[in-house]
Amino acid sequence: TTPEHVADRVARAVAVAPATRQPVGIDVGPDHIAITGADPFAVGMVAARLDVALAGEGVPHGIPRREGDALVLALD
């Protein structure tokens with residue numbers, strides 16, 4: 001079997017992360033994922049869920065860090 005592409009694993013992780021009633025945006029870039037929203041608690045909750053989902057998918061990534069109004073996870 002061929003190994004799965006990282007983009008497929010990231011897409012699955014992003015699909016399960018937003019479990020909040022508050023609107024939260026998730027922007028996937030080539031080397032990071034940015035999470036934004038008006039409610040800091042909801043943004044943090046999605047970041048935590050995304051952190052776990054990425055780990056479950058075996059995607060190397062950094063811990064969430066604040067950049068302006070967003071929480072950003074670097075994809076290694």
Residues at least two apart in sequence or cross-chain that pass side chain to side chain donor-acceptor pair (under 3.5 Å) with Glu67, listed by chain then number, are Arg65
Between [X] and [Y], is there shared hydrophobic-cluster membership here, with clusters defined by ILVMFWY side-chain heavy atoms closer than 4.5 Å?
X	Y	answer
Val72	Val10	no
Val6	Leu50	yes
Val24	Val28	yes

Distance-minimising heavy-atom pair for [X] and [Y]:
X	Y	answer
Gly62	Leu73	O-CD2, 3.8 Å
Val16	Ala53	CG2-CB, 3.8 Å
Pro18	Val46	CA-CG2, 3.9 Å

Linking Ile, Leu, Val, Met, Phe, Trp and Tyr through side-chain heavy atoms less than 4.5 Å apart, which residues share a cluster with Ile63? none
Is there any side-chain hydrogen bond (donor to acceptor under 3.5 Å, both in side chains) pair reaching into residues 46-64, and which pairs are they, with sequence neighbours excluded? Arg12-Glu57, Asp51-His61
Which pairs, with at least one residue in residues 19-30 and sequence neighbours excluded, count as a side-chain hydrogen bond (donor to acceptor under 3.5 Å, both in side chains)?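 Output for this query is empty, none listed.
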Can you list everything that forms a salt bridge (Lys or Arg N to Asp or Glu O under 4.0 Å) with Arg66? Sequence neighbours excluded, please. none
Throw together a table of side-chain donor-acceptor distances under 3.5 angstrom for residues 31-45, partners on residues two or more places apart or in other chains.
from  : atom 1 : to    : atom 2 : distance (Å)
Asp39 : OD1    : Phe41 : N      : 3.0

